[in-house]
Amino acid sequence: MKPRLPWLLLVATVLAAAAAELERDTLHVSESLRVRVRQGRDIELEAKLAEGEDYASIARALTGSEAQAEALSAWNGQTAAAPGRWVRVPLGLLTDELRALVLRTLFPRDRHEGTDWLHWARAGLLPSYDEGMWQVAQWFSGNGREFEALMRANGLESPELGTGQLVRIPDRLLHASLKARTQSADGALEFGSDSQGAYAAYRLKQGEALYSAVVVRFTGQTAAEEVHALARQLAQRSNIRDPHDIPVNYEVKIPLELLEPEFLPAGHPRRLEQEAKRAELAQALAKDPVPPTRGGLRGVLLILDVGHGGRDLGTMHNGVWEHDYVYDVACRLKQQLERETEARVVMTLLDLETGCEPSAGDLLAANRQGTIQTTPGFLAKELGEAPIGVNLRWYLANSIFRRTVKEGTDPDRVVFLSLHADSRHPSLRGLMVYVPGEGYRAGTYGQASGTYRKFEEVREKPFVQFTKSERVRSEAVSRKLAEAIVHSFKREGLPLQAYQPIRDRIVRGRNKWLPAVLRGNAVPNKVLVELVNLSNPEDAAVLGSARWRERLAHGLLGALYRHFGETAPARPPSLTAAQVAAASGPATLDSP
Ligand SMILES: [Zn+2]
């Protein structure tokens, strides 16, 4: 035994030296990717093999071509591909995305100046002590033989470079992966194009995930299924090997057709179209503003709609379902308005068993009530009858609106609020407001069947259509109301959807539409409010709590004041200063 000991010590020493060497020249960019600079000049990316990966799959993921499998195997000394092994890939073989990532990560000080690239030699995060003009040419233009051209461009006599020496790589010599591109107005995106077409690139920051930082933010999709499908699509488009292990700074490419108009490059037809539309809306509101009320919301009529009822409980997640909980918010808002203001409230739907009183506690019962207040009333006894209820809501609203205006009320003093809670990707939170997008209600709407004919409100005016200017002004005033709601929720510390909380249509995949309750609705001022996202557990807890439901109602009340140019009076005793303070963070719940 004894003679083996020195030998073991020797092995340990050698291993320790190798480990120190590895530590010095290695930079981890993700769990399974690391950058190395060998001999102070050769840049490589190393990928840790996952179960089932081989040279072919690594070649496809890291070089973009399976044809490089053999070259990779040779580069790695023909060693067998086994899970947990690190496979070396030279910089020159990497995909454009990874090449740019490696160079940007290794040399964080480097940047564009105009279309040129500025590089500071031997000043990266790993030692590159053998870096000269040949290496710089190889890394940044893709061809070492350009070193002479680079020397000329920089007025240098010698290819030797000192630590921190600045080298300018002119645009004409710069590798395609580092070319300067146009940026979006907020600088978050860069626009480029490759063999697969035009794209916007977004570089992921620390802690950001593909689905929330890119898909939800830039494409406008919110439903879990669509968000996941798009995340997969973008991962493929951007050559992402493992969506759960994307390095910081990695460039995610979003095809332009998936972008919401405001993120498109200036001058893009879809963006121009949206800008023209926004200008048209602003003009409609400037020409014909909403007249302010003169205290206590006098003269305002709120048509308060709760979007489900009867057999239809709406969406249900995390132990909270839509109908009864949202109905309770509506009844709280009604009570606050009747206590505090001179506004009148008409409910489109009533629970004939329990009435419309705020709940005594947090938990509610699903009593399958909720009768639409048409003549005669309508209670959905089967799930299939829910769409009838949806249509009856706007018929009822239109009937109330016509009567009120006939009696002398200014049409702008009538507000239609449809309250809901929805189910979005679980990472999303809070309020989302739908306004009647002008272009989504250009047709004639109505129902002619016997099912509908038995209701007085339908018989009064079975079909509706709206002129372009009516639709434009309706969207404009409804946006104003939606902005007031967003503002008020923010002020009350209530959760808000982070991106685009106001939307002019629902988007699911390629389908876009406007909820029927807004489409056929003749009230100019109308919005559909998704109070919370029930798929998110914190949001579900908000709607599940009586105290927070009171706050949600108060948020809506504050919005009405704001919309009509009034300042909300001091808080009612039901909400103490301490409670308000406790609600300072949208993600905080002050009681379990
Ligand atoms: Zn709903």
Side-chain angles (χ1 to χ4, degrees), residues 221-226 303-333 347-351 364 366-373 378-380 382-394 396-397 416-426 428-437 440 478 482 485 489 494-497 501-508 511-521 526-536 539-540 542-544 548-549 552-553 555-556:
Q221 301 282 344
T222 57
E225 213 174 292
E226 272 75 31
I303 303 173
L304 187 48
D305 178 49
V306 175
H308 300 265
R311 268 306 304 275
D312 168 25
L313 294 180
T315 190
M316 182 190 294
H317 290 278
N318 294 301
V320 181
W321 61 96
E322 190 177 351
H323 173 63
D324 293 276
Y325 288 87
V326 170
Y327 183 73
D328 187 54
V329 174
C331 293
R332 287 170 186 276
L333 174 59
M347 302 282 292
T348 60
L349 162 149
L350 278 175
D351 184 325
L364 298 173
N367 66 353
R368 296 196 150 71
Q369 288 295 304
T371 303
I372 312 257
Q373 298 297 290
F378 173 80
L379 175 67
E382 312 285 337
L383 267 183
E385 290 181 324
I388 303 174
V390 170
N391 285 312
L392 288 181
R393 283 170 165 86
W394 64 258
L396 175 60
F416 178 88
L417 261 190
S418 185
L419 301 188
H420 291 250
D422 64 355
S423 167
R424 279 163 260 157
H425 189 278
L428 295 170
R429 285 210 67 186
L431 174 88
M432 238 171 84
V433 188
Y434 290 102
V435 299
Y440 297 88
S478 302
I485 297 173
F489 267 53
L494 292 162
L496 279 176
Q497 158 91 14
I502 300 171
R503 300 186 175 212
D504 62 4
R505 75 278 187 254
I506 296 174
V507 180
R508 286 288 304 257
N511 299 321
K512 296 168 183 162
W513 74 94
L514 194 64
V517 80
L518 296 181
R519 208 172 44 208
N521 200 315
K526 51 180 171 282
V527 295
L528 186 152
V529 177
E530 303 286 4
L531 290 165
V532 296
N533 171 22
L534 286 179
S535 299
N536 177 287
D539 263 24
V542 164
L543 195 61
W548 278 86
R549 290 197 292 274
L552 289 167
L556 294 169

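Sequential numbering from 1 along the given sequence is applied to the chain's residues. Read the numbers this way: they start at 1 and go in the same order the structure lists the ligands and their atoms.
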Problem - pair Ile506-Leu514: side-chain heavy atoms closer than 4.5 Å - result: no
Completion exercise
Result, protein N, O or S atoms below 2.8 Å from the Zn ion (ligand 1), excl. waters, equals 3
Practice task
May I ask you to check whether His420 and Glu530 show a side-chain donor-acceptor distance below 3.5 Å?
Solution key: no
Handout entry: Side chain to side chain, Leu349 and Tyr327, heavy atoms closer than 4.5 Å
Key = yes
Completion exercise
Contacts of Asp504 meeting salt bridge (Lys or Arg N to Asp or Glu O under 4.0 Å) (sequence neighbours excluded), chain-then-number -> Arg479
Handout entry: Distance-only side-chain donor-acceptor flag, Gln221 / Arg508, under 3.5 Å
Key = no
Exercise for the section: Could you tell me which non-hydrogen atom of Leu543 sits nearest to which non-hydrogen atom of Tyr325, and how far apart they are? Expected result: O-CD2, 3.3 Å
